[in-house]
**Student:** 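Attaching a single structure in structure tokens format; questions to follow.
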Amino acid sequence: MFKRYTITFWATLFVGVVCLSLIAVDVWRSLIARDAQVQEIQRLTSNVARAMAQHADDTIKAADTSLADIVERIETDGLGAPALARVHRQMQAQVANLAQLAGLFVYDEGGQWLVNSRAVLGPSLNNADREYFVYHRTHDGRGPHVGEPVISRTSGKWIIPVSRRLNKADGSFGGVVLATLDIDYFSRFYQSFDIGARGAVALISNQGVLMVRRPFDDNRVGTSLRDNPLFQAYSARHGSGSGMFVSPYDDELRFNSYRALEHYPLFVTAALSQEEMLEHWRRDSFTRSIGVIVLAALLGFFGKRLVGQINLRVQAEAELRQARDQLEGANRTLERLAMQDGLTGLANRRQLDVTLGNEFSRAVRHADTLSFVMIDVDYFKQYNDLYGHGAGDDCLRTVSKLIRVLTPKRAGDVVARYGGEEIGILMPNTELAGALAVAERIRQAIEQLQTAHRGSPFGVLTISAGVAAITPRRGEHAAGMLVEAADKALYAAKAGGRNQVVAADGV
């Protein structure tokens, strides 16, 4: 098999394969490097989200532990002055020990301060209108409640309220014990993560309220993210997950990893900018690709020169071989053009006439029946006008191919393009019924193609066919009579509404 190709071919192939291989390997390496970078982004965001979730859970749990202890003391010791003094000292100690605590407070059932962690109690404030107070007044649950972030009335800073219900001896609502978490504490912790210049991290409630975000913006704390695709993805899973999301704040496309807190109705998300994280990969890939392309171009250039030198050595032989091939090709082309239709690949009119004459003579000698089918594509001019001549040519090729498949492959059977969109089928030793069956089978098959034809009342491509059969006798019949009879039957099929097969009356 190798002897069929010249050394010039193999040299060209070798140079081409080497150049393409260099480029293909570079592309493959770039894709592998990108996948590795994306996986690194996923690992990094997942680890940051895990650390943030653990930190938030531990932070809130420490505050909640203080609340539970205060509730137990008050419900056991009561609200007398000595008891409140002990609670006051305990609160101060807890705030001093826990950096996340901005303050601890106890409110009675009317929302008035009873005691707090401040060194100087100051004037009593009423917080009955706060969301957390309303929540505990209307809910019997004794568990912790993480409220929406608010601006503290004592410090003027953003805080996250964590609270528990205080009950009277009879179980009725007796007030609220509150711990306020300093949002700056979370912000400082989030600043410790290396998330790039365009990364973002956030703490969000299960109701879609933004608690804390880096980059920090006062105007965004407490805003709703319920319509955000990130929140919707989290709501669907309520666990951990990841995905690509566009930020509603800066329209930055980021890869987000999110994780729910273990004990509280919050979740965290860590996001890295895809554009920023892949910047190094793009720069490295671009530089390397330029080098590979230059190398491939040099190899191609010198390879071409080498192939040219080799080609010069065999040029004389190649020219002789080319001349011979061209002559043989011209002869084959002339032979094919003489007997074959160039558009459809069917026999042409000349071959049909030659075969018809031969088969007619044979039928006369043996008293055999000779059948002929004339087929015409319905509304073909409208098809050309609507879809163009290129589509019309494709249509003729499709129809011709199907007719050739459905026509018997016996010796003497000929399928020929008679002219324009007309196709003739010559079938020796075939009765009229058999020819009608073949024509009807072809008509049905073409209609079942369901080729759209808006210019036809049928809505799809169809054909009409005329069928004639003759048992010729010498001196009485001529070959042209068979074709003429089939043609008349075809016109009768057209006149009768098309998309049908009509048999000739008699020849």
Side-chain angles (χ1 to χ4, degrees), residues 341 343-349 352-353 356 369-408 413-428 430-471 477-507:
D341 177 63
L343 175 64
T344 62
L346 303 176
N348 61 12
R349 178 73 175 272
L352 176 63
D353 291 341
L356 178 59
T369 301
L370 191 64
S371 294
F372 187 79
V373 180
M374 184 70 82
I375 294 174
D376 184 77
V377 179
D378 295 333
Y379 302 103
F380 188 70
K381 180 180 183 302
Q382 289 85 343
Y383 191 92
N384 271 336
D385 292 341
L386 284 169
Y387 303 103
H389 289 282
D393 291 346
D394 291 339
C395 170
L396 283 179
R397 292 189 191 97
T398 301
V399 170
S400 299
K401 182 178 180 181
L402 187 57
I403 292 174
R404 186 163 46 198
V405 169
L406 297 177
T407 300
D413 289 341
V414 175
V415 181
R417 185 181 181 189
Y418 193 78
E421 67 271 21
E422 291 183 332
I423 297 172
I425 305 174
L426 177 64
M427 291 180 286
T430 302
E431 300 292 336
L432 180 62
L436 283 170
V438 171
E440 179 60 23
R441 185 165 64 245
I442 291 171
R443 186 199 67 78
Q444 292 178 3
I446 291 175
E447 185 177 21
Q448 290 169 3
L449 287 176
Q450 293 295 299
T451 302
H453 185 357
R454 297 195 307 271
S456 169
F458 303 106
V460 296
L461 191 71
T462 58
I463 64 164
S464 299
V467 182
I470 187 174
T471 304
H477 298 106
M481 297 172 62
L482 178 63
V483 176
E484 182 179 353
D487 195 46
K488 288 181 179 180
L490 171 62
Y491 278 102
K494 290 181 178 181
R498 292 183 168 86
N499 191 23
Q500 59 183 287
V501 177
V502 174
D505 292 336
V507 184

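Position 1 is the first residue of the sequence; numbering continues from there. Below, all heavy atoms of this structure are taken into account, side chains as well, without hydrogens, waters or symmetry copies.
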**Student:** At their closest point, which heavy atom of Phe380 faces which heavy atom of Gly392, and how far apart are they?
**Tutor:**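 Scanning both residues completely, I find the closest heavy atoms to be CZ-O, 3.5 Å.
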**Student:** Check whether Tyr387 reaches the backbone of Arg454 with its side chain - one donor and one acceptor, N or O, closer than 3.5 Å.
**Tutor:** yes
**Student:** Using the test side-chain contact (heavy atoms from CB on, under 4.5 Å), find all partners of Thr451 that sit at least two apart in sequence or belong to another chain.
**Tutor:**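 In terms of side-chain contact (heavy atoms from CB on, under 4.5 Å), with neighbours along the sequence ignored, Thr451 is linked to Tyr383, Leu449, Leu461.
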**Student:** If you look at every heavy atom in Val373 and Ala465, which pair is closest and at what distance?
**Tutor:**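 Looking at all heavy atoms of both residues, the shortest contact is CG1-CB, 4.2 Å.
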**Student:** Where do Thr369 and Glu431 land on the side-chain hydrogen bond (donor to acceptor under 3.5 Å, both in side chains) test, with the steps shown first?
**Tutor:** CA-CA 6 Å; Thr369 301; Glu431 300 292 336; 3.3 Å; yes
**Student:** So, for Ala492 and Val502, which heavy atoms are closest and what is the spacing to 0.1 Å?
**Tutor:**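 Reported closest heavy-atom pair: CB-CG1, 4.1 Å.
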**Student:** Closest approach of Gly455 and Leu386, non-hydrogen atoms and distance?
**Tutor:**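 Reported closest heavy-atom pair: N-CD1, 3.1 Å.
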**Student:** With sequence neighbours excluded, tell me which residues meet side-chain contact (heavy atoms from CB on, under 4.5 Å) with Asp376.
**Tutor:**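 With neighbours one apart ignored, the set is Glu421, Glu422, Leu490, Lys494.
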**Student:** Can you tell me how far the NZ atom of Lys488 sits from the CE atom of Met374, to the nearest 0.5 Å?
**Tutor:** 12.5 Å
**Student:** Can you establish whether the number of heavy atoms outside Tyr491 located under 6.0 Å from its atom OH is more than 12?
**Tutor:** no
**Student:** So, Arg417 and Asn348: side-chain donor and acceptor under 3.5 Å apart, yes or no?
**Tutor:**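 Short answer, no.
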**Student:** Rounded to the nearest 0.5 Å, what's the gap from CG on Asn499 to CG on Asp378? Could you check?
**Tutor:**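 These two atoms lie 6.0 Å from each other.
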**Student:** Out of Thr344, Ile463, Leu346, which residue meets the side chain to side chain contact (heavy atoms under 4.5 Å, CB included) rule with Ile423?
**Tutor:**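 Option passing the side chain to side chain contact (heavy atoms under 4.5 Å, CB included) with Ile423: Leu346.
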**Student:** Mind checking whether Asp413 and Pro428 have side chains closer than 4.5 Å, heavy atoms only?
**Tutor:**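 The answer is yes; the side chains approach within 4.5 Å.
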**Student:** Where is the tightest heavy-atom contact between Ala468 and Ala486, given as atom of each residue plus distance?
**Tutor:**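 Looking at all heavy atoms of both residues, the closest pair is CB-N, 3.5 Å.
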**Student:** Tell me, do Tyr418 and Arg349 make a side-chain contact under 4.5 Å, heavy atoms counted?
**Tutor:** yes
**Student:** Considering only distance and modelled atom types, tabulate donor-acceptor pairs under 3.5 Å from the side chains of residues 398-406, sequence neighbours left out.
**Tutor:**
{"from": "Thr398", "atom 1": "OG1", "to": "Asp394", "atom 2": "O", "distance (Å)": "2.9"}
{"from": "Ser400", "atom 1": "OG", "to": "Leu396", "atom 2": "O", "distance (Å)": "2.7"}
{"from": "Arg404", "atom 1": "NH1", "to": "Gly345", "atom 2": "O", "distance (Å)": "3.3"}

**Student:** Do Thr462 and Arg443 make a side-chain contact, defined as non-hydrogen atoms from C-beta onward lying under 4.5 Å apart?
**Tutor:**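 In short, these two side chains do not touch, never coming nearer than 4.5 Å.
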**Student:** Is the closest side-chain heavy-atom distance between Ile442 and Ile375 below 4.5 Å?
**Tutor:**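 Answer yes - side chains close enough.
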**Student:** So which atom in Ala489 and which in Ala503 form the shortest heavy-atom distance, rounded to 0.1 Å?
**Tutor:** CB-C, 4.0 Å
**Student:** Is Leu482 close to Leu356 at the side-chain level, that is, under 4.5 Å between some pair of heavy atoms?
**Tutor:** yes
**Student:** Out of Lys381, His389, Gln382, which residue meets the side-chain hydrogen bond (donor to acceptor under 3.5 Å, both in side chains) rule with Asp385?
**Tutor:** Lys381
**Student:** Given the ring of Tyr379, does Arg498 sit roughly above its face, with NZ or CZ under 6.0 Å from the centre of the six-membered ring and within 45° of the axis?
**Tutor:** yes
